[in-house]
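First comes the structure, then the notes that go with it.
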Amino acid sequence: MQLHTREWGTGDRTALLVHGIMSDSRTWRRVGPALAERGYRVLAVDLRGHGRSPRGEYTPRDFADDLVDTLPPSADVIIGHSLGGLALSLAVERLRPLRAVYSDPAWSSPDPEQPLDPETFASGKNVTREHIARSNPRWAPEDVDVEVATLADWDADTSYFLDGRPLTGFVPDRPAVPSLVQLAEPSFLVGAEDVTRLRASGFEVRTVAGAGHTIHRDDFEGFMKSLDGWI
């Protein structure tokens, strides 16, 4: 499957951006231009079932395979957020970027004994602009507008890859390439034991103090600062 892509910049280096569930490439509206200003050609995908990309079957492996089919190999850096971080971790050995950044990746459930209800995510398609703004008080109005637009273009069936089970088994054993794990505070998807394992296996782990799950929209400056040395 060839995914729809959005592009910023014409630099000699390449940066790739992969969004989370319920979103699309428009979520990177500030990150893409900021990387372009730093000399990157930036490509951001719409995952299958999101934005202008095709629909289809929805499994973590499908999301990962689409990245391999669409994106150029050997990029200078790839940043994947949430579901995008999960997909990136399953594709990174084939894409072989110089560096990978996993921004609050969807690797585990908050409670491994508690199943994740896909209906909770699917029902998010119908939330109002007012609810989005109230739930995300640190977002700029433009980010709220983007969320409204991306939800309208999102196929809620993507939620059902969760299948009502806990999200487990996705924390990588080792980094395939030099890798940063960037966490919200608190992260509900990467727990303290996971952090210990990740650091022991060679990942660098940084937390953006006070940021929610969508770090790049909650605290853009903190998000960019956390990338020092990785972009």
Side-chain angles (χ1 to χ4, degrees), residues 1-56 58 60 62-92 94-106 139-140 142-155 158 177 179-180 182 208 211 213-221 223-224 226-227 230-231:
M1 181 180 289
Q2 288 293 306
L3 303 175
H4 176 260
T5 60
R6 190 177 305 270
E7 187 169 347
W8 299 269
T10 57
D12 294 332
R13 296 183 292 170
T14 302
L16 309 177
L17 304 175
V18 189
H19 65 83
I21 195 168
M22 305 167 72
S23 190
D24 64 36
S25 57
R26 287 171 285 187
T27 190
W28 304 110
R29 67 175 191 90
R30 297 185 69 184
V31 178
L35 293 176
E37 288 177 2
R38 287 164 171 77
Y40 287 93
R41 173 180 175 241
V42 185
L43 293 173
V45 297
D46 294 347
L47 292 172
R48 66 166 59 197
H50 298 75
R52 294 172 60 186
S53 284
R55 278 45 181 157
Y58 301 121
D62 289 324
F63 292 126
D65 289 347
D66 294 344
L67 298 182
V68 176
D69 290 343
T70 301
L71 293 173
S74 305
D76 292 273
V77 63
I78 307 180
I79 302 173
H81 170 247
S82 194
L83 174 60
L86 169 57
L88 172 57
S89 66
L90 298 175
V92 68
R94 290 172 286 169
L95 288 170
R96 303 301 302 185
L98 296 183
R99 296 173 300 283
V101 176
Y102 302 97
S103 184
D104 219 33
W139 286 13
E142 293 86 351
D143 289 309
V144 177
D145 292 338
V146 164
E147 186 79 349
V148 172
T150 56
L151 285 173
D153 291 338
W154 169 56
D155 180 3
T158 58
V177 300
S179 299
L180 168 68
Q182 180 196 61
V208 180
H213 174 57
T214 313
I215 302 171
H216 58 283
R217 292 194 282 191
D218 246 25
D219 183 359
F220 173 71
E221 288 75 17
F223 173 86
M224 296 301 297
S226 179
L227 299 180
W230 291 87
I231 59 172

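It should be emphasised that the depicted structure is a prediction, and the values quoted were computed from it without experimental measurement.
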Suppose we screen for side chain to side chain contact (heavy atoms under 4.5 Å, CB included). Which residues come up paired with [X], at least two apart in sequence or across chains?
| X | answer |
| --- | --- |
| Ala44 | Trp8, Leu17, Ser25, Trp28 |
| Glu37 | none |
| Arg30 | Phe220, Glu221 |

ring-ring contact (aromatic ring centres under 6.0 Å, His included) against Phe223, all qualifying residues, sequence neighbours excluded: His216
Those residues that, when tested against [X], pass salt bridge (charged side-chain N to carboxylate O under 4.0 Å, His left out) (two or more places apart):
| X | result |
| --- | --- |
| Arg99 | none |
| Arg94 | Asp65 |
| Asp219 | Arg138 |
| Asp66 | Arg48 |

Ser89: side chain to side chain donor-acceptor pair (under 3.5 Å) partners, not counting sequence neighbours: Trp107
Going by atom types alone, do Thr158 and Trp154 pair a side-chain donor with an acceptor below 3.5 Å? yes
Residue pairs passing the side chain to side chain donor-acceptor pair (under 3.5 Å) test where at least one lies in residues 68-82, sequence neighbours excluded: Ser82-His213
Pair listing, side chain to side chain donor-acceptor pair (under 3.5 Å) test, anchored in residues 15-24, at least two apart: Asp24-Arg26
Residue pairs meeting salt bridge (charged side-chain N to carboxylate O under 4.0 Å, His left out), one or both in residues 2-18, sequence neighbours left out, come to Glu7-Arg41
